[in-house]
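None of the values given here were measured: they were computed from a predicted structure. Sequence positions, counted from 1, serve as the residue numbers for this chain.
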Amino acid sequence: MEGGRPGSELSMSGNLLLRIKDVLYPDRKLLWVIIAGFAIRIAVAPWTSWTYDTYPFYQGIVDQLAGLGPYGHMVYSYPPAFNFIEYPFSIILSLFSDPTQWVTFVPSMVEVGRVTNMVVPAVTSPGFNLTYKLPLILADYLCAVILYQFVRKIRDEESGRRVFILWFLNPFVIFVSSIYGNFDVLAVFLTLLALYAMYSHRYLSAGLAVGLGVAIKLYPLYLGLFCFAYLVGQLIINLASRDDLRDRLKSPILFMIGAIGGASSIVISIFLNPSLMVFINGRMSNNDMGGINIWGLLRTGNVLLNESSTLPQDEFALVNTVTSYLMFLILFLILLRVFIMLRSSHERHEEQMIFGSMSVFLVLLLFQPVTHAHYLLWALPFLLLCSVYQHRFEHIVFALSVVGVVFWIALQSYMAFLYPLSVYTGAVPTDLINQVVVDYYTGSGGISAEGARIIPTVIGVGALMLALLPERLDPVKRLTTLLRRR
């Protein structure tokens, strides 16, 4: 027996390595996709940024390195988990360059910031940009891996490869994580992981993923409510079956334990710095509204009819009223979805769970006060999962991906993302970028930034609403079917 231990340990370690390999590199036929996806991201990441958001990320990271915590100067305004994820990467970067060299103040950008209110005259270095985007690039890949594993489980390998490609080589996904540099993809990864864990009946892991997601962005909370309602609904339905009751009771409890544990970083941050609550309340009371949602359509209507993007007082009051009850609307949707799921055959529960999760995010995107273009990323992987059952969702993913990129470029023109390339290489004169951004934003070139966003707003809202319709009521599908018959 003693002589058999080394062999068994080697076998166990070998099996573990194989499992890690299967997770990180699931299919040899995807090698070219993986290489291309990483190459594109690493090529563009150092030389691009959205200064308005990148500077707060930089300040939170530097404050953390200085021992002040992410909220030291009250510039970083998000839940703390992203800053904790970035911390080890920033420590490694600080071994090779001084943090004071990670940003350059550019006086000529001050006037641009005054005009657009979306430019900060502090441009982060290529080294910092690549370092802070690395976790986002890795999250892009891990999302693709989970999608592959998920789809292979519910359909087949070929479908898994297709979904992997549609995600990892999606220009919108690349744009958000590697050009704009927004960390929403980390929350997307965790919501996707939570749904996969629910599908696999790993409820503690599902709750943990939701909790960690909430510690990055608050929106995964809605998926958590949906999953918890589903588990409680199963418990209620199985009350008559005493043999199954204990397991059913254990499921929501495990989910809640995981969720509380995952979200604990928020509680710890508030405990260590109670004044943070004042800052959070200020952030939550932001009165801005619009983007790619119903309220964005109202603003679009005002632009076309009144040549003003400011909502009249009565419409503004309507928006405030509806968004105040948004949580109740989504809770009602969750309960309705769960009721439908639990009344259907047990074999369709997994499919209903995927469609239900997608519906929750779509309603949130359509009716929350502000839906920035990168928020569309929240629903994208769930739409791809739904495309396995209904091919029409691929077209919706395509439409939303184009809309997301066009909308962001339409804010200040594509030149606004090239400040790092300009400041640190001189390849593009900074004064030229400043002039292009100001002229575009003010409409000196013939079309204003507000006008350029009209078409992507209309198409984006239309695509989101089409995704909520049952397949039999989808007018686009009915039209294409009619045309094919002719």
Side-chain angles (χ1 to χ4, degrees), residues 44-58 103-126 129 171-172 174-176 178-182 288-292 295-311 370-376 401-461:
V44 300
W47 312 110
T48 54
S49 73
W50 182 257
T51 59
Y52 187 81
D53 281 341
T54 304
Y55 180 72
F57 300 158
Y58 158 81
V103 70
T104 298
F105 175 71
V106 184
S108 65
M109 293 171 61
V110 173
E111 178 62 17
V112 184
R114 187 193 66 79
V115 172
T116 71
N117 202 30
M118 287 184 286
V119 168
V120 172
V123 182
T124 47
S125 69
N129 291 336
F172 178 53
I174 295 171
F175 180 88
V176 171
S178 303
I179 295 178
Y180 170 25
N182 189 278
D288 191 19
M289 52 190 58
I292 305 174
W295 321 123
L297 280 184
L298 286 179
R299 294 184 65 164
T300 296
N302 282 321
V303 170
L304 293 173
L305 299 175
N306 306 319
E307 297 184 355
S308 171
S309 62
T310 304
L311 292 177
V370 180
T371 298
H372 296 300
H374 62 278
Y375 290 179
L376 298 177
S401 298
V402 173
V403 161
V405 175
V406 171
F407 192 94
W408 264 114
I409 291 175
L411 284 173
Q412 297 185 103
S413 87
Y414 73 94
M415 295 286 277
F417 293 93
L418 299 180
Y419 277 114
L421 179 68
S422 171
V423 171
Y424 291 94
T425 70
V428 184
T430 304
D431 289 339
L432 174 62
I433 295 179
N434 292 340
Q435 191 64 49
V436 169
V437 170
V438 171
D439 288 349
Y440 169 77
Y441 189 80
T442 57
S444 300
I447 183 170
S448 68
E450 198 73 47
R453 296 197 295 272
I454 291 174
I455 293 176
T457 298
V458 172
I459 295 175
V461 172

Partner residues of Tyr58 under the ring pair (Phe, Tyr, Trp, His ring centres under 6.0 Å) criterion, sequence neighbours left out: Tyr55, Phe128
List the steps, then state whether side-chain contact (heavy atoms from CB on, under 4.5 Å) holds for Tyr441 with Val112. CA-CA 10 Å; Tyr441 189 80; Val112 184; over 6 Å; no
Indicate the atoms forming the closest heavy-atom contact of [X] with [Y], along with that distance.
{"X": "Pro46", "Y": "Pro420", "answer": "O-CB, 4.0 Å"}
{"X": "Phe407", "Y": "Arg453", "answer": "CZ-CD, 3.4 Å"}
{"X": "Tyr424", "Y": "Val123", "answer": "OH-O, 2.8 Å"}
{"X": "Gly181", "Y": "Phe57", "answer": "O-CE1, 3.5 Å"}
{"X": "Met415", "Y": "Val436", "answer": "CG-CG1, 3.7 Å"}
{"X": "Thr51", "Y": "Val120", "answer": "OG1-N, 3.1 Å"}

Can you tell me how far the [atom1] atom of [X] sits from the [atom2] atom of [Y], to the nearest 0.5 Å?
{"X": "Glu111", "Y": "Asn434", "atom1": "CD", "atom2": "CG", "answer": "9.5 Å"}
{"X": "Thr430", "Y": "Leu421", "atom1": "OG1", "atom2": "CG", "answer": "9.5 Å"}
{"X": "Leu376", "Y": "Phe172", "atom1": "CG", "atom2": "CZ", "answer": "5.0 Å"}
{"X": "Ser125", "Y": "Trp47", "atom1": "OG", "atom2": "CH2", "answer": "9.5 Å"}

I'd like to check [X] versus [Y] (side-chain heavy atoms, cut-off strictly below 4.5 Å). Are they in contact?
{"X": "Gln412", "Y": "Phe417", "answer": "no"}
{"X": "Tyr375", "Y": "Ile292", "answer": "no"}
{"X": "Phe175", "Y": "Asn182", "answer": "no"}
{"X": "Thr48", "Y": "Leu418", "answer": "yes"}

Donor-acceptor pair, distance only, cut-off 3.5 Å: does the side chain of Tyr414 make one with the backbone of Trp408? no
Ignoring hydrogens and geometry, is there a side-chain-to-backbone donor-acceptor pair from Tyr180 to Asp53 under 3.5 Å? no
Is there a side-chain contact (heavy atoms from CB on, under 4.5 Å) between Phe105 and Val423 once you walk through the steps? CA-CA 10 Å; Phe105 175 71; Val423 171; over 6 Å; no
Using a cut-off of 6.0 Å, state whether more than 12 heavy atoms not belonging to Leu432 lie near its atom CG. yes
Applying side-chain hydrogen bond (donor to acceptor under 3.5 Å, both in side chains), can you list everything that pairs with Ser413, at least two apart in sequence or on another chain? none
Those residues that, when tested against Asn129, pass side-chain hydrogen bond (donor to acceptor under 3.5 Å, both in side chains) (two or more places apart): Thr124
What verdict does the side-chain contact (heavy atoms from CB on, under 4.5 Å) test give for Thr116 and Tyr52, after you've listed the backbone C-alpha separation in whole Å, the side-chain angles of each residue and the deciding distance to 0.1 Å? CA-CA 11 Å; Thr116 71; Tyr52 187 81; over 6 Å; no
